[in-house]
Amino acid sequence: MGMKPKVLAANWKMNTDLQQGMKLAADINNKVNASGVEPHARIILGVPFIHLSEIAKIMDYRRFSLAAQNCAECDSGAYTGEVSAEMIKSTGAHYVIIGHSERRHIFKESYESLQNKVDVCLKNALRPIFCCGETLDDRKKEMHKKVVEEQLKASFFHVNEEYLMRSIIAYEPVWAIGTGETATPEQAQEMHEWIRTLLRDHYKNSNVDDVPILYGGSVKPGNASDLFKQQDINGGLVGGASLKAESFMSILKAF
Ligand code: PGA
């Protein structure tokens, strides 16, 4: 078994205009480079579509990759307002966040649509950051493991082993996203271990320990290190706390 992978991904969501986004990206880039912190961690910035190509020009590619927060499920054509995987790839981005709970719940993205997005992404040499996670109601009914299993089986487990190894999974309990409420390290570890077990059962010949599983949901400088210490937690997908260079840096230092 190799070294435990470490990944810190930011999800800016629909925040910052282009100028603010450029400034934030430059700030993060400079702070990370000046500090030399965690050279082995992969750092991914999930920014709005229209920021991608501009931010790509100013980031140090040895440390940073960019991610889109969504992509169209079809290749190209008459889909007004959609952004394709090929377009994303052409900006210099390497990742796409797929199946974030806001996409699932607000935009009603179906299992089938998410499966298509995973495929179109991989076909265009982009790496999916596939999100899963239960609602508070699911957890109260003790359905959290079942729900996450269903989400993975419905939209992600069709990918082959080679594609699995290019992917990242993010466990994000919906009740912890943007609420200030975080899963305890034990609750998070239990779910990450469950996801790792599902991967092991499904991809018998792969080294599933090398597939990063990120925790997301109110990750902050104060709770990151206890989360990242857990055996099956390989880092975080960070929303609110990624919008300030200082707090994002503190989370990176928590590895
Ligand atoms: P949050 O968002 O860190 O603001 O809770 C995480 C996410 O939605 O990816």
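Note that the numbering runs from 1 along the sequence shown for the chain. Scope of the values below: all heavy atoms of this structure, side chains included, with no hydrogens, waters or symmetry mates. Note that the coordinates shown come from a computational prediction; the quantities given were computed from them, not determined experimentally.
- Looking only at distances, no side-chain donor or acceptor of Asn29 sits under 3.5 Å from a matching main-chain atom of Ala25.
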| message | Working note: Asn116 + Ser113, criterion side chain to side chain donor-acceptor pair (under 3.5 Å); need CA distance, chi angles, decisive distance, verdict. | response | CA-CA 5 Å; Asn116 294 338; Ser113 156; 5.9 Å; no
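- No more than 12 heavy atoms of other residues, nucleotides or ligands shown are found within 6.0 angstrom of CD on Glu112.
- Checked by atom type, the side-chain pair Asp210/Asn207 shows a donor-acceptor distance below 3.5 Å.
- Of the possible donor and acceptor atoms, one in the side chain of Gln151 sits under 3.5 Å from a partner among the backbone N and O of Gly133.
- Formation of a donor-acceptor pair under 3.5 Å by the Asn30 side chain with backbone atoms of Ala26 is found in this model.
- In this structure, the side chain of His94 does not engage the main chain of Ala125 through any donor-acceptor pair within 3.5 Å.
- Of the residues listed (Leu126, Val96, Val159), the one engaging Val118 in a side chain to side chain contact (heavy atoms under 4.5 Å, CB included) is Val159, and it is the only one.
- For the residue pair His192 / Gln230, no side-chain donor-acceptor distance below 3.5 Å is found, with atom types taken as modelled.
- Judged purely by distance below 3.5 Å, without hydrogens or angles, the side chains of Tyr95 and Arg42 pair a donor atom with an acceptor atom.
- The existence of a salt bridge linking Glu54 and Lys57 is confirmed by a sub-4.0 Å separation between a basic side-chain nitrogen and an acidic carboxylate oxygen.
- Residue Ser84 comes nearest to Cys74 through the heavy atom pair CB-O, 4.4 Å, listed as atom of the first residue, atom of the second, then distance.
- The cationic group of Arg103 lies under 6.0 Å from the six-membered ring centre of Phe107 and within 45° of the ring axis, placing it in a cation-pi geometry.
- Between the side chains of His100 and Asn70, no donor-acceptor pair of N or O atoms lies under 3.5 Å.
- The closest donor-acceptor contact from the side chain of Ser53 to the backbone of Thr91 lies at 3.5 Å or more, if one exists at all.
- The aromatic rings of His202 and Phe157 sit parallel to each other, their planes meeting at less than 30°, with 60° as the upper class boundary.
- At least one donor-acceptor pair under 3.5 Å links the side chain of Asn234 to the backbone N or O of Pro5.
- Distance alone, capped at 3.5 Å, is enough to place a donor-acceptor pair between the Arg196 side chain and the Val208 backbone.
- Here CH2 of Trp12 is found 6.5 Å from NE2 of His51. Values are rounded to the nearest 0.5 Å.
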| field | Worked check of side chain to side chain donor-acceptor pair (under 3.5 Å) between Glu73 and Tyr79 | value | CA-CA 10 Å; Glu73 62 177 299; Tyr79 301 101; over 6 Å; no
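- Taking a cutoff of 4.0 Å between a charged side-chain nitrogen and a carboxylate oxygen, Lys146 and Glu134 do not qualify as a salt bridge.
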